[in-house]
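All remarks here apply to the structure that follows.
What you see is a predicted model, and the numbers here were worked out from it, not measured in a lab. Residues: numbered from 1 along the sequence shown.
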Amino acid sequence: VFYNLLGEFLIEVRLTKIPTSLLTMDSNGDFICSYPKGIQQLKVVLEKFSSEQKPVFSLVEIEPDYSNVYSRFAPGIVFSVTKENNIIWAVTNKYELNINDSEGKLTRRILKDYDSIEITEEEKKNIIKNAAPRPGQKIPKNYPPLLPIFISIDEKGRIFVGTYAKAEEGNGYYFDVFNLEGKYIAKVCLNSLLLRTSIIWKKEKLYTIEEDEEGYQVIKRYKVTWKY
């Protein structure tokens, strides 16, 4: 359902012909969707659908291998769409960002060296306590390079990619930041609570949905200042 800034109803779109696992929409009304496919051999695909919900092209197809790897750390697809309708995507087990144009053509690839982060024994105990792996699944020695969350893009085109590097204090994670040319410019720490919600960058402000002390959802606005 779409509304204008005055809260007036504009249009309702019923998604009856495309998967709705993880999706976003570009400025042309086309859909970019990541979803599981297959029964005997499960795969995860990233695909573009037209505004009429017809397949346009597929960007990547992976096999998560849930039978051997604990599902939380199995390879997944993270993605986002720029205001120019370029699609930025990556597979979480490799630090490699791909940028495809609206026609599906690969226009840029961003690679970054990273230091592997070991999963400590205490962390493994907490993981098993909260959700034990199924028989045959193994918890890897190290975290994957990327967090399994949406890539975020601000209005200046800066690209935010979540990593498993944790803040020294608090419950935040570090995000690597790149410009549209693929140059690494900074790393910033964001509260881990933000990883489960949508965040919006607008006019050098960050808007988030968070919970207050009483458990009510509130919209918070943060001022963002860049120095680099």
With clusters defined by side-chain heavy atoms of hydrophobic residues (ILVMFWY) lying less than 4.5 Å apart, directly or transitively, does [Y] cluster with [X]?
X: Y173; Y: I185; value: yes
X: I139; Y: L146; value: no
X: V224; Y: F178; value: no
X: L46; Y: F57; value: yes
X: L147; Y: L190; value: yes

Item to complete: Before giving the answer on side-chain contact (heavy atoms from CB on, under 4.5 Å), spell out for I159 and T82 the whole-Å C-alpha distance, their side-chain angles and the decisive distance to 0.1 Å.
Response: CA-CA 9 Å; I159 304 166; T82 71; over 6 Å; no
Item to complete: Evaluate the side-chain hydrogen bond (donor to acceptor under 3.5 Å, both in side chains) criterion for residues T120 and E122: first the C-alpha distance (whole Å), next the side-chain angles of each, then the deciding distance (0.1 Å), finally the verdict.
Response: CA-CA 5 Å; T120 66; E122 182 179 354; 5.4 Å; no
Should we say atom [atom1] of [X] is surrounded by more than 12 heavy atoms from elsewhere, each under 6.0 Å from it?
X: I219; atom1: CD1; answer: no
X: N126; atom1: CG; answer: yes
X: F9; atom1: CZ; answer: yes

Indicate the atoms forming the closest heavy-atom contact of [X] with [Y], along with that distance.
X: S71; Y: Q137; result: N-NE2, 3.9 Å
X: A167; Y: Y174; result: CA-CE1, 3.8 Å
X: S50; Y: V56; result: N-CG2, 3.4 Å
X: I32; Y: I87; result: CG1-CD1, 3.7 Å
X: W201; Y: S152; result: NE1-OG, 2.8 Å
X: I149; Y: V78; result: O-CG1, 2.9 Å

Is there a donor-acceptor pair under 3.5 Å between the side chain of [X] and the backbone N or O of [Y]?
X: D30; Y: D26; answer: no
X: N4; Y: L10; answer: no
X: K48; Y: S102; answer: yes
X: R109; Y: E96; answer: no
X: E47; Y: P55; answer: no

Worksheet item: Under 4.5 Å between any side-chain heavy atoms of F73 and I119, yes or no?
Response: yes
Worksheet item: Can you find a heavy atom in the side chain of L15 that is under 4.5 Å from one in the side chain of L23?
Response: yes
Worksheet item: Do we get K17 above F49's six-membered ring, with its NZ or CZ under 6.0 Å from the centre and within 45° of the axis?
Response: no
Discussion item. Please enumerate all residues that pass side-chain contact (heavy atoms from CB on, under 4.5 Å) together with S80, with sequence neighbours excluded.
Written reply: I151, I153
Worksheet item: Apart from L6 itself, what residues make up its hydrophobic cluster, given side-chain heavy atom links below 4.5 Å?
Response: none
Discussion item. F150: which residues meet the ring-ring contact (aromatic ring centres under 6.0 Å, His included) condition with it, sequence neighbours left out?
Written reply: F79
In Å and rounded to the nearest 0.5 Å, what is the [atom1] to [atom2] distance from [X] to [Y]?
X: N86; Y: E103; atom1: CG; atom2: CD; answer: 10.5 Å
X: E123; Y: Y143; atom1: CD; atom2: OH; answer: 3.0 Å
X: Y95; Y: I110; atom1: OH; atom2: CD1; answer: 9.0 Å
X: S34; Y: W89; atom1: OG; atom2: CH2; answer: 11.0 Å
X: K205; Y: R221; atom1: NZ; atom2: CZ; answer: 5.5 Å
X: K156; Y: N179; atom1: NZ; atom2: CG; answer: 13.5 Å

Worksheet item: Does the distance from a Lys or Arg side-chain N to an Asp or Glu carboxylate O, for E155 and K203, drop under 4.0 Å?
Response: no
Worksheet entry | Residue pair V177, W226: steps toward the side-chain contact (heavy atoms from CB on, under 4.5 Å) verdict | CA-CA 11 Å; V177 187; W226 289 93; 3.9 Å; yes
Discussion item. For a side-chain contact (heavy atoms from CB on, under 4.5 Å) check, start with the C-alpha distance between V45 and Y35, then their side-chain angles and the critical distance, and finish with the verdict.
Written reply: CA-CA 6 Å; V45 301; Y35 64 96; 3.3 Å; yes
Practice prompt. Evaluate the criterion side-chain contact (heavy atoms from CB on, under 4.5 Å) for residue pair T163 and I117; output intermediate values, then yes/no.
Written response: CA-CA 10 Å; T163 74; I117 300 175; 5.7 Å; no
